[in-house]
Amino acid sequence: MDSINAAADILAASEYAIALTGAGLSAESGIPTFRGQDGLWTKYGQPSNLSYRAFSQDPQGWWERRLSDEDTPGNPTYDLKDAVDNAVPNPGHLAVAELETMGVVKSVITQNVDGLHSRAGSRNLLEIHGNRSYLRCISCGSRKPRATYIISDLPPVCPRCGGIIKMDTVMFGEPIPSATLEACSAEVQRCDAMLLVGTSGAVSPAAQFPLLARERGARIIEVNPVPTQLTPAAHVVVSGPAGEVMPSLAHAIRTRAIRSR
């Protein structure tokens, strides 16, 4: 409880705290991670660093393979789709959303593509790697829920500009959409506290955000069951699953708010 109280003190005293979340948070909802012992890439192999180039060179062929993989067990696309379709937000997601509702956390930057933060109630949300339930035009950047598209021809084209449509998730070799990256950078520059939940700190540019925030004087709180590459940069480390730690952290902050009335 000492580390939870220390984290609660930092967040309660902050003027602009933000959260950065990663795969470890959604793993507690049954979403497979990519790396690690049971990760999708460990099981099936990491995608090519030229994935986006392959899409750009043959978008029709990419879409044909994608739609086939989604319906065929035994590949990472199917496994992830099946897991996301059946997942629900866990107490960690709900606690992050509660902290936003309380006005403690101003925004959430997530590396996850499963949409569970939105379903939990987070509103000021930046999905730096995209959302697998959305499609995006590579020409104008328009994003819409996949369910609103009727995919009759391959590749699908944007009704706004006629550009080629791809999954919203960011591929290897694909630049993160500039508007999203700029918004994330602005939040990092503004924050005076950053709450890290379930992120290993292994994927850039998100892995650099806590380091940049700390350089500017922000206090860093890490919630993770195991040490990570970002642990040395944290001012407070709360060891444990997000589904257990985050509700306790939200409760500690609520208690402080009640006492201060």
Side-chain angles (χ1 to χ4, degrees), residues 3-4 6-27 33-36 49 52 92-93 95-97 99-100 102-114 117-118 122-131 141 168-239 242 245-246 249 253:
S3 59
I4 289 178
D9 287 340
I10 291 173
L11 292 174
S14 68
E15 294 185 1
Y16 202 92
I18 68 174
L20 172 66
T21 70
L25 173 58
S26 287
T33 60
F34 293 99
R35 296 174 173 83
N49 289 332
Y52 184 61
H93 293 105
V96 171
L99 290 177
E100 182 182 346
M102 293 166 61
V104 175
V105 168
K106 307 301 184 184
S107 67
V108 178
I109 300 172
T110 186
Q111 299 165 271
N112 299 335
V113 299
D114 48 53
H117 276 298
S118 292
S122 292
R123 292 293 173 261
N124 193 7
L125 179 65
L126 294 167
E127 296 170 309
I128 192 169
H129 294 157
N131 186 316
D168 185 47
T169 49
V170 176
M171 297 177 175
F172 277 106
E174 178 185 6
I176 293 170
S178 58
T180 300
L181 189 56
E182 289 169 5
C184 290
S185 297
E187 291 299 286
V188 172
Q189 291 290 320
R190 186 175 180 182
C191 76
D192 59 1
M194 183 180 291
L195 175 63
L196 314 179
V197 185
T199 179
S200 65
V203 181
S204 291
Q208 304 304 312
F209 292 164
L211 306 180
L212 294 172
R214 179 173 174 131
E215 286 179 1
R216 298 186 61 259
R219 306 286 287 177
I220 309 299
I221 301 163
E222 181 180 60
V223 176
N224 211 299
V226 297
T228 73
Q229 297 181 38
L230 295 171
T231 301
H235 295 91
V236 174
V237 175
V238 187
S239 298
V245 171
M246 291 304 300
L249 180 56
I253 293 173

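In this structure Phe172 satisfies the ring pair (Phe, Tyr, Trp, His ring centres under 6.0 Å) test together with Trp41, sequence neighbours excluded. Evaluation of the side-chain hydrogen bond (donor to acceptor under 3.5 Å, both in side chains) rule for Ser26 yields His93, Asn112, Asp114 as partners, not counting sequence neighbours. The salt bridge (Lys or Arg N to Asp or Glu O under 4.0 Å) test applied to Glu127 returns Arg143, not counting sequence neighbours. Residues meeting the side chain to side chain contact (heavy atoms under 4.5 Å, CB included) test with Asp9, sequence neighbours left out: Arg256. Residues meeting the side chain to side chain contact (heavy atoms under 4.5 Å, CB included) test with Ala202, sequence neighbours left out: Ser200, Gln229. Every residue was checked against the side-chain hydrogen bond (donor to acceptor under 3.5 Å, both in side chains) condition with Ser122, not counting sequence neighbours, and none meets it. With sequence neighbours excluded, no residue forms a side-chain hydrogen bond (donor to acceptor under 3.5 Å, both in side chains) with Asn124.
Expressed to the nearest 0.5 Å, how far CG of Leu20 lies from CD1 of Ile221 amounts to 12.5 Å. Separating the NE2 atom in His235 from the CD1 atom in Ile10 is a distance of 7.5 Å, to the nearest 0.5 Å. Note: Cys191 SG to Leu212 CG = 9.5 Å, rounded to the nearest 0.5 Å.
For the side chain to side chain contact (heavy atoms under 4.5 Å, CB included) with Leu249, the lone residue among Val238, Val104, Leu195 that qualifies is Leu195. The residue from Ile176, Ile18, Ile128 that alone fulfils the side chain to side chain contact (heavy atoms under 4.5 Å, CB included) condition with Cys184 is Ile128.
Here the closest non-hydrogen pair linking Pro210 and Leu230 is CG-CD1, 3.9 Å. Shown here for Val170 and Gly130, the closest heavy-atom pair between the two residues is CG2-N, 4.4 Å. Scanning all heavy atoms of the two residues, the minimum distance from Ala218 to Ala193 falls at CB-N, 4.0 Å. Closest non-hydrogen pair, Val236 versus Ser3, comes out as CG1-O, 3.5 Å. Heavy atoms only, all atoms of each residue included: Ala207 and Gly201 are closest at CB-O, 3.3 Å. Smallest separation of non-hydrogen atoms from Met194 and Phe209: CE-O, 3.8 Å.
Between Leu125 and Thr110 there is a side-chain heavy-atom pair separated by less than 4.5 Å. Within the 4.5 Å cutoff, the side chain of Met246 has no heavy atoms near those of the Leu25 side chain.
The salt bridge (charged side-chain N to carboxylate O under 4.0 Å, His left out) pairs that include a residue from residues 173-188 are Arg136-Glu174, Lys166-Glu174, where partners are two or more places apart or lie in different chains. The list of salt bridge (charged side-chain N to carboxylate O under 4.0 Å, His left out) pairs with a residue in residues 211-231, not counting sequence neighbours, is empty.
Between the side chain of Asp168 and the backbone N or O of Asn131, at least one donor-acceptor pair lies under 3.5 Å. In this structure, the side chain of Glu15 does not engage the main chain of Asp192 through any donor-acceptor pair within 3.5 Å.
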